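Structure, as structure tokens:
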Amino acid sequence: MRDAEKTIGNLMDKQSVCFLGAIDKEGFPSVKAMLQPREREGIHTFWLTTNTSSLHVAQYRENPAACLYFCDRRFFRGALLTGTIEILTDSESRYRIWREGDTAYYPQGPDDPDYCVLRFTARSGRYYHNFKSEDFAIQETIGN
């Protein structure tokens, strides 16, 4: 793959959902479907929303190891990113990715105590396409 950021970024941008993984208290993987990340910096940093009271947030508090998977069912290809999750509850982060209509999930608005931001930071990646997999480097985008 010549340009991982472009190839993987294009795959990500065309998906409406992604899959977010955590490690449960017994050491097993736990995966859930999420809406597409609200923002991303290259293929390094991603911002998602979730409920503070969710099981995954509790799991990330215990172990920040995480994965993010994007799947293009039409062309049977996917991208796996592994890294860590930070749980952000500060006002700047909450308002940064708040969208009209989010009150359906968080009735008290961006200050709802059950609303938090997950910032996923990728450390490594793997891309599946054409019946083969390849690892790719993750480089932090400077200046974003």
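Only a predicted model underlies this, so the values are computations on that prediction, with no experimental measurement involved. Positions are given from 1, in the same order as the sequence printed here.
Look at Glu134 and Arg126 and you find no salt bridge, because none of the NZ, NE, NH1 or NH2 atoms lies under 4.0 Å from a carboxylate O. A salt bridge does not link Asp102 with Arg94: every distance from a Lys NZ or Arg NE/NH1/NH2 to an Asp or Glu carboxylate oxygen is 4.0 Å or more.
Side-chain contact check for Leu20 versus Tyr60: some heavy-atom pair is nearer than 4.5 Å. The shortest side-chain heavy-atom distance between Leu80 and Cys67 falls under the 4.5 Å cut-off. In this structure, the side chains of Pro37 and Cys18 come closer than 4.5 Å at one or more pairs of heavy atoms. Annotation: side chain of Leu11 is not in contact with side chain of Lys14 (no heavy-atom distance under 4.5 Å). Counting only heavy atoms from C-beta outward, the side chains of Leu68 and Phe46 approach each other to under 4.5 Å. In this structure, Ser54 and Thr50 have side chains that are in contact, with non-hydrogen atoms separated by less than 4.5 Å. Taking 4.5 Å as the limit, some side-chain heavy atom of Ile87 sits within range of a side-chain heavy atom of Arg61. In this structure the side chain of Leu81 reaches within 4.5 angstrom of the side chain of Met12, judged on heavy atoms.
Crowding of Lys6 atom NZ: a count of heavy atoms from other residues, nucleotides or ligands under 6.0 Å not exceeding 12. Counting non-hydrogen atoms of neighbouring residues, nucleotides and ligands closer than 6.0 angstrom, the CZ atom of Arg73 reaches no more than 12 such neighbours. A 6.0 Å sphere centred on CZ of Arg123 holds no more than 12 heavy atoms belonging to other residues, nucleotides or ligands. In this structure, Glu39 places its CD atom where more than 12 heavy-atom neighbours from other residues, nucleotides or ligands lie under 6.0 Å away.
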Next on the checklist: Does Tyr127 form a side-chain contact (heavy atoms from CB on, under 4.5 Å) with Asp135? I'd like the steps, not just the answer.
Outcome noted: CA-CA 6 Å; Tyr127 179 48; Asp135 295 325; over 6 Å; no

Item to check | Evaluation steps, side-chain contact (heavy atoms from CB on, under 4.5 Å), between Lys25 and Gln59 | outcome: CA-CA 7 Å; Lys25 63 184 175 184; Gln59 292 168 337; over 6 Å; no

Checklist entry - Should Glu86 and Val117 be marked as a side-chain contact (heavy atoms from CB on, under 4.5 Å) after you check the CA-CA gap, both sets of side-chain angles, and the distance that decides it? => result CA-CA 8 Å; Glu86 294 172 82; Val117 175; over 6 Å; no

Item to check | Stepwise side-chain contact (heavy atoms from CB on, under 4.5 Å) test for Leu55 and Asp24 | outcome: CA-CA 9 Å; Leu55 177 61; Asp24 73 14; over 6 Å; no

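We find the CG-OG1 distance between Asp112 and Thr52 to be 7.5 Å, quoted to the nearest 0.5 Å. Taking CZ from Arg119 and OG1 from Thr84, the interatomic distance works out to 9.5 Å, rounded to the nearest 0.5 Å. Atom-to-atom distance recorded for His56:NE2 and Leu48:CG is 11.5 Å, nearest 0.5 angstrom. Note that SG of Cys71 and OH of Tyr128 are 10.5 Å apart. Values are rounded to the nearest 0.5 Å. The OG1 atom of Thr7 sits 9.0 Å away from atom CZ of Arg2, with the distance rounded to the nearest 0.5 Å.
Side-chain rings of Trp47 and Phe120 stay apart, their centers remaining 6.0 Å or farther from each other.
Defined by atom type and a distance below 3.5 Å, a donor-acceptor pair is missing between the side-chain atoms of Thr121 and Thr45. No hydrogens or angles considered: nothing links the side chains of Tyr105 and Asp114 as a donor-acceptor pair under 3.5 Å.
A distance-only check finds no donor-acceptor pair linking the side chain of Asn51 to the backbone of Ser53 [under 3.5 Å]. Side-chain N or O atoms of Gln36 include one that pairs as donor or acceptor with a backbone N or O of Asp13 at under 3.5 Å.
Side-chain heavy atoms closer than 4.5 Å link hydrophobic residues (I, L, V, M, F, W, Y) into clusters, and following such links, possibly through other members, connects Leu88 to Trp98. Each of Ile85 and Tyr115 belongs to its own hydrophobic cluster when Ile, Leu, Val, Met, Phe, Trp and Tyr are linked at side-chain heavy-atom distances under 4.5 angstrom.
Taking all atoms of both residues into account, the shortest heavy-atom contact from Gly78 to Tyr69 is CA-OH, 3.5 Å.
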